[in-house]
Amino acid sequence: MPFRTRAAVCGGVLATAAALLCPATAVARPAAPGWSAAPAPGGGARPSAQDRPYFYLEGAPGTVMTDRLALSNPSGRAVTVRLRGSGIGSWLALTTKEVTIPPRTRAGVPFTVTVPRTAAPGNHPGTILATSGGTTGKRARVPVHLRVTGPELTALTVENVSVTGSGESAVVRYALVNRGNTALRPRVAVRAEGIFGEALRRAAHTLPRELRPGQRIDLSEKWPDPPGLDSVDVRVTATAQGGARGSATATYTAVPWAGVAGAVLVLVAGAGGWVLVRKRRTGRDGGGDAGAQEPGGGSPDGSGRAAVQERQLASAGSGGPTRSGTGTGRGTGTGSVPGSGVRT
């Protein structure tokens with residue numbers, strides 16, 4: 001076989017083998033992505049990577065603003081997408097809540113944001129949520145950043161401070177209220193001062209959550225090892241950006257009731273013993289006085305006592321039973337006692 005003929009045959013064989021071994025190379029297509037939601041580009045242009053990643057709207061209270069959401073369906077079948085707003089609630093109104101997008105089609109959904117006249121100045125985040133296929137289908141979130149213009153006011157208060165518990169652990173409870181029109185990120189410090197000095201000092205720490213305008217949150221902090229006997233003033237201080245500051249105090253009195261009860265029992269027992277001893281002494285004194293009375297019933301404070309003294313004086317003067325008068329013997333003596341008459 002001539003050389004040219006053999007080369008042509010070999011080339012044809014190789015081309016045929018390549019076509020049989022790699023048939024997918026000629027018919028391969030990238031897999032079509034699912035539907036998507038994004039802010040619509042301006043001027044009716046086609047969506048691209050340089051488009052807006054989120055909506056940004058700004059206006060004063062009472063302003064009505066409009067924009068448009070773009071839904072793209074590059075697949076070969078129709079897709080039904082449901083829409084709803086969140087975050088800014090009733091401020092955002094979509095022209096439709098459900099859209100069916102034909103294959104390889106892009107749809108635009110207008111919406112409006114109405115800022116209430118009573119809206120507080122500052123940032124108000126929101127979201128447009130798009131879903132398809134029920135709970136197991138696809139979801140897409142498009143952020144909406146709304147800024148309401150106007151003068152900003154920052155105000156923060158601390159309320160309802162209380163201390164509960166005793167012994168090994170206590171709990172300090174309090175409430176924070178944002179009284180301004182801007183969102184705050186408060187910092188809270190707790191301090192306790194008692195009769196015997198400082199009982200607690202907790203440095204200011206930032207709360208892990210934002211406090212929206214008008215919002216109130218109830219918080220608590222553990223106080224390990226509080227004083228067992230003291231009267232303490234607990235102060236909670238909160239600060240935030242813009243010069244916002246608030247504080248409030250509560251009184252915490254710690255009393256060891258078990259020790260107090262024991263002391264009371266000891267005092268009661270001591271008082272009872274003293275009364276009993278006093279009564280016994282009084283009884284003894286009354287018995288001695290009764291024995292000193294005369295057989296005739298005289299009283300030691302009256303004539304009976306005088307008679308006793310008369311006998312004692314007479315016995316000391318004469319040595320005999322004669323109480324007064326004169327006598328003979330080795331000696332004479334006279335004696336007298338208060339009263340009248342002379343006895344011989």
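The analysis underlying the following values was restricted to heavy atoms, covering all of them including side chains, and did not include hydrogens, waters or symmetry mates.
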Could you report the tightest heavy-atom contact between [X] and [Y], atom names first, then the distance?
{"X": "Gly133", "Y": "Arg82", "value": "N-NH2, 3.6 Å"}
{"X": "Ala192", "Y": "Val232", "value": "CB-CG1, 3.4 Å"}
{"X": "Gly34", "Y": "Pro74", "value": "O-CD, 3.5 Å"}
{"X": "Ala37", "Y": "Ala140", "value": "CB-CB, 4.2 Å"}
{"X": "Ala240", "Y": "Pro186", "value": "CB-CA, 4.2 Å"}
{"X": "Val148", "Y": "Ala60", "value": "CG1-C, 4.4 Å"}

Can you list the steps and then say if Ile217 with Leu211 is a side chain to side chain contact (heavy atoms under 4.5 Å, CB included)? CA-CA 8 Å; Ile217 55 174; Leu211 194 61; 3.8 Å; yes

Give the C-alpha distance, both sets of side-chain angles, the deciding distance and a yes or no for side chain to side chain contact (heavy atoms under 4.5 Å, CB included) between Leu146 and Met65. CA-CA 10 Å; Leu146 171 63; Met65 294 166 283; 3.5 Å; yes

Rounded to the nearest 0.5 Å, how far apart are [atom1] of [X] and [atom2] of [Y]?
{"X": "Tyr252", "Y": "Ser162", "atom1": "OH", "atom2": "OG", "result": "12.0 Å"}
{"X": "Arg187", "Y": "Gln241", "atom1": "CZ", "atom2": "CD", "result": "11.0 Å"}
{"X": "Asn181", "Y": "Arg212", "atom1": "CG", "atom2": "CZ", "result": "15.0 Å"}
{"X": "Arg84", "Y": "Leu92", "atom1": "CZ", "atom2": "CG", "result": "12.0 Å"}
{"X": "Thr105", "Y": "Trp35", "atom1": "OG1", "atom2": "CH2", "result": "15.0 Å"}
{"X": "Ser132", "Y": "Arg139", "atom1": "OG", "atom2": "CZ", "result": "10.0 Å"}

Less than 4.5 Å apart, side chain to side chain, heavy atoms only: is that true for [X] and [Y]?
{"X": "Thr127", "Y": "Val142", "result": "no"}
{"X": "Arg245", "Y": "Thr237", "result": "yes"}
{"X": "Leu200", "Y": "Val190", "result": "yes"}
{"X": "Thr249", "Y": "Val234", "result": "no"}
{"X": "Glu98", "Y": "Thr80", "result": "yes"}
{"X": "Val188", "Y": "Leu176", "result": "yes"}
{"X": "Glu221", "Y": "Val171", "result": "no"}

salt_bridge([X], [Y]) N-O dist < 4.0 Å:
{"X": "Glu152", "Y": "Arg147", "value": "yes"}
{"X": "Glu159", "Y": "Arg179", "value": "yes"}
{"X": "Arg191", "Y": "Glu193", "value": "yes"}
{"X": "Asp233", "Y": "Arg235", "value": "no"}

More than 12 foreign heavy atoms under 6.0 Å from [atom1] of [X]: is that the case here?
{"X": "Arg202", "atom1": "CZ", "value": "yes"}
{"X": "Arg209", "atom1": "CZ", "value": "no"}
{"X": "Phe196", "atom1": "CZ", "value": "yes"}

Would you check, one step at a time, whether the test side chain to side chain contact (heavy atoms under 4.5 Å, CB included) holds for Ser220 with Val172? CA-CA 5 Å; Ser220 63; Val172 181; over 6 Å; no

Single-linkage hydrophobic cluster [X]~[Y], side-chain heavy atoms < 4.5 angstrom:
{"X": "Leu207", "Y": "Val161", "value": "yes"}
{"X": "Phe55", "Y": "Leu94", "value": "yes"}
{"X": "Ile88", "Y": "Val115", "value": "yes"}
{"X": "Leu57", "Y": "Leu129", "value": "no"}

With no hydrogens and no angle check, just 3.5 Å: does a side-chain donor-acceptor pair link [X] and [Y]?
{"X": "Ser169", "Y": "Trp223", "result": "no"}
{"X": "Ser72", "Y": "Arg106", "result": "no"}
{"X": "Thr182", "Y": "Thr154", "result": "no"}

Over 60° means perpendicular and under 30° means parallel, so classify the ring planes of Trp91 and His124, tilted if in between.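 His124 and Trp91: tilted rings.
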
Per the side chain to side chain contact (heavy atoms under 4.5 Å, CB included) rule, which among Leu83, Ile128, Asp67 passes with Val109? Leu83

Is it true that a side-chain atom of Asn73 and a backbone atom of Ile101 form a donor plus acceptor pair closer than 3.5 Å?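 Pair found, side chain donor or acceptor close to backbone of Ile101.
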
Run the numbers on Thr66 and Thr112 for side chain to side chain donor-acceptor pair (under 3.5 Å), then give the verdict. CA-CA 4 Å; Thr66 61; Thr112 61; over 6 Å; no

Step-by-step side chain to side chain contact (heavy atoms under 4.5 Å, CB included) determination, Val158 to Val177: CA-CA 7 Å; Val158 181; Val177 184; over 6 Å; no

Is it true that Tyr56 and His145 have ring centroids separated by less than 6.0 Å?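 No, ring centres 6.0 Å or more apart.
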
